[in-house]
Novice: 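Provided herewith is a single structure, encoded as structure tokens, for subsequent inquiry.
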Protein chains: 2
Amino acid sequence: MPKSDSGTVSGRRLDHPETSRIRLEAVLSALADPVRLSIVLALDEGHEDMACVSFALPVSKSTSTHHFRVLREAGVIRQYYEGTARKSSLRTADLEGRFPGLLAAVLDAERARRG
Amino acid sequence: MPKSDSGTVSGRRLDHPETSRIRLEAVLSALADPVRLSIVLALDEGHEDMACVSFALPVSKSTSTHHFRVLREAGVIRQYYEGTARKSSLRTADLEGRFPGLLAAVLDAERARRG
DNA sequence: GTCGTACTACGATGGTTGTCAAACTACGAG
DNA sequence: CTCGTAGTTTGACAACCATCGTAGTACGAC
């Protein structure tokens, strides 16, 4: 059984792409969904230790799981288990290194749109 | 019958969104396709007066038409008729005004990926 | 151990998308 | 007018995607 570095046993492997293998198209289509944009925006505003359930998304739990997985597999977020909760954080530095200015531009645009 | 300002009669209306109504998600998903990214990259590299056919895209004519329309309706490009040819140009300034840094970041990333 | 919480996995469904071929339209040249 | 070129439109199809409900798993608390 694999152990995560936070000390808890995870029933499933969470595979994140290496920074150098993050694909531009995957990131763009990951960000091209309103629900996922909300998640990314919330993570950027300091809610790094939020569990999935605390986002109050307008979709069901299974749909949430789906969106978080899309973001993770695209390389936009990192997820790790902590007890029964799954914490998420933005891969800000990784994305900035690979696609300079991209994430910031998207976040600025979305923040402007919201008022 | 509507006349375009280039002097030729167009059989169909080409509706472009106003700059202020360009939606972030539409732009992101328009750019999240390899064929469309190729088009945008080519337009940015100075082929502004290219007709659709000169892009040598790896898809059929009708698929080309489809992709150009998606880009136009998202507000990424502008199209106008000139004889039988349909010329396209990037709405660089419009996009920069609405989503500062976004297009540049995407173009840089894609150019880097292509070597 | 049992219970509750948080999330995942599976299966289904309706909608969107990328693709094509075939038929059509608009323009310019001869 | 006829022909060729450039692009559109339509209809089709398969693949994908966002969504859901239900059932299941992993963990912490008790």
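Below, chains carry the letters A, B, ... as their sequence lines are ordered, and counting in each starts from 1.
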Novice: Will you find, in the side chains of R23(A) and S29(A), an N or O donor that is under 3.5 Å from an N or O acceptor?
Specialist: no
Novice: Assign H67(B) to base, sugar-phosphate, or nothing according to its heavy-atom contacts below 4.0 angstrom with the strands shown.
Specialist: sugar-phosphate
Novice: Please identify which of these residues, V40(B), L71(B), I39(B), meets the side-chain contact (heavy atoms from CB on, under 4.5 Å) condition with L90(B).
Specialist: V40(B)
Novice: Can you give me the closest heavy-atom contact between F99(B) and I22(B), atom names plus distance?
Specialist: CZ-O, 3.5 Å
Novice: Should R69(B) be listed as having a side-chain N or O under 4.0 Å from OP1 or OP2 of dG7(D)?
Specialist: no
Novice: For residues L37(B) and L31(B), report the shortest heavy-atom separation together with the two atoms involved.
Specialist: CG-O, 3.3 Å
Novice: Just how far, in rounded Å, is C1' of dA6(C) from CG of L14(A)?
Specialist: 14 Å
Novice: Rounded to whole Å, how long is the line connecting atom OH of Y80(A) with atom C1' of dC7(C)?
Specialist: 16 Å
Novice: Calculate the interatomic distance between R36(B) atom CZ and dT17(C) atom C1'; express it in whole Å.
Specialist: 9 Å
Novice: May I have the distance from H66(B) (atom NE2) to dT10(D) (atom P), rounded to whole angstrom?
Specialist: 15 Å
Novice: Rounded off to whole Å, could you give me the CG-to-P distance for the L31(B) and dG18(C) pair?
Specialist: 12 Å
Novice: Does atom CZ of R21(B) have more than 12 heavy-atom neighbours from other groups under 6.0 Å away?
Specialist: no
Novice: Please report the closest heavy-atom contact between P100(B) and A105(A), naming both atoms and the distance.
Specialist: O-CB, 3.6 Å
Novice: Can you tell me the distance, in whole Å, between the CD atom of E25(B) and the P atom of dT16(C)?
Specialist: 15 Å
Novice: Using a cutoff of under 3.5 Å, can you pull out all pairs of nitrogen or oxygen atoms linking the protein to nucleotides 20-24 of chain D, with atom names and distances?
Specialist:
| residue | atom | partner | partner atom | Å |
| --- | --- | --- | --- | --- |
| dC20(D) | OP2 | S60(A) | N | 2.7 |
| dC20(D) | OP2 | S60(A) | OG | 3.2 |
| dC20(D) | OP2 | T63(A) | OG1 | 2.9 |
| dG21(D) | N7 | S62(A) | OG | 3.3 |
| dG21(D) | O6 | S62(A) | OG | 3.0 |

Novice: Take atom CG of D33(A) and atom P of dC16(D), then tell me their distance rounded to the nearest Å.
Specialist: 18 Å
Novice: In whole angstrom, what separates I77(A)'s CD1 from dC7(C)'s P?
Specialist: 12 Å
